[in-house]
Amino acid sequence: MENREAELKEKITNLKEKRKAIILAHNYQLGEVQDIADFVGDSLELSQKAAKTGAEVIVFCGVLFMAETASILCPDKIVLLPDRHAGCPLADMITAKQLKEKKREHPKATVVCYINSSAAVKAASDICCTSANAVRLVEKLAGAEEIIFVPDQYLGNYASARSGRKMILWPGFCPTHIRIQPQDIARQKAERPQAKVVVHPECRPEVIALADEVLSTGGMCRFARETEAKEIIIGTEIGIIHRLKKENPEKRFTPVSEQAICPYMKLITLEKILWSLKNMANPVKVAAGTRLRAKAAVDRMLETG
Ligand code: SF4
């Protein structure tokens, strides 16, 4: 390990103890950030971890909607986002006002909102979902007359196809996952015919159609551990390759596309984690009224899923 990295990690570890803090990191974070984290996971796993932690401070190494979700679940804890510019363009593709207008057009519809959404959008929704449980949750809404799914059209389309349930889809998308193209998979498959192809449900349907498995990042980590395949082609943000290689050194992981990088996830660095902990900087707090309504949607997901 470089001196710089070792020094920063030591300072963060000491300060973390002093602050009674826990560091949670998403699977798309930089390798050095994943390595200092107490827990690395997908959105669902991180929100469950946040809900259960006894720590006083949560340093959230991810993007704003994730830190907001931690604040929704843990109002008494201080949630820090080490870079306040770490947003999510997909989450920003719908506002609460736009969702309310859509609800007026479909007054009987149940609103399912992907966790990649603002606290205000969650507050205007009936139930949240993640990429790990979207299909299961939609299947459980058998009694709903109509379903509006926001904001990711591709996850919505996938959940609709798998559950056989027609839904009104908001036309949002993840700019990182739409960079993954079917021709990238074809090229990788031609070079590695034995490899399994695993993609994220935020990918386009043409990409999903070529995959052996469609999984959340948490699901990909489990699949990598359990599969007998020695080579796996990964169709999601490339940060996850660090964790996959670390946990499965005997297996080979190849990203479908080196272009699949989320610049917002990469804003968090060791320097910023240290700065944030030192100064208790960039606290994320969801206002009480919004929090309670958003929490109801998140709780429904945690209870159902
Ligand atoms: S990978 Fe896509 S959905 Fe995830 S934070 Fe980045 S832009 Fe948002």
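Each ligand, and each atom within it, is numbered from 1 in the order the structure gives.
- Using a 4.5 Å heavy-atom threshold, the side chains of Val57 and Lys20 count as separate.
- In the vicinity of Glu202, heavy-atom distances shorter than 4.0 Å reach the ligand 1 atoms 3 (S).
- Counted by atom type alone, Asp42 and Ser216 present one or more donor-acceptor pairs between their side chains at under 3.5 Å.
- Protein heavy atom nearest atom 3 (S) of ligand 1, with residue, atom name and distance: Asn116 ND2, 3.2 Å.
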- request: Could you walk me through whether Arg192 and Glu231 pass the salt bridge (charged side-chain N to carboxylate O under 4.0 Å, His left out) test, one step at a time?
  value: CA-CA 8 Å; Arg192 300 169 180 79; Glu231 274 202 73; 3.4 Å; yes

Can you give me every donor-acceptor pair (side chain of residues 32-41, partner residue at least two apart or in another chain, under 3.5 Å) with its distance?
unit_1 : atom_1 : unit_2 : atom_2 : d
Glu32  : OE2    : Arg4   : NH2    : 3.2
Gln34  : NE2    : Asn27  : O      : 3.1
Gln34  : NE2    : Gln29  : O      : 2.8
Gln34  : NE2    : Gly239 : O      : 3.1
Asp35  : OD1    : His242 : NE2    : 2.9
Asp35  : OD1    : Lys246 : NZ     : 2.6
Asp35  : OD2    : His242 : NE2    : 3.4
Asp38  : OD1    : Lys16  : NZ     : 2.8
Asp38  : OD2    : Lys16  : NZ     : 3.2
Asp38  : OD2    : Ile23  : N      : 2.7

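- The pair Glu247-Arg225 meets the salt-bridge criterion, since a charged nitrogen lies less than 4.0 angstrom from a carboxylate oxygen.
- Residues Arg187 and Gln183 have side chains that never bring a donor and an acceptor to within less than 3.5 angstrom of each other.
- Under the 3.5 Å distance criterion, with hydrogens and angles disregarded, a donor-acceptor pair is assigned to the side chains of Tyr114 and Glu202.
- Only protein N, O or S atoms were scored, and 1 of them lie under 2.8 Å from atom 6 (Fe) of ligand 1.
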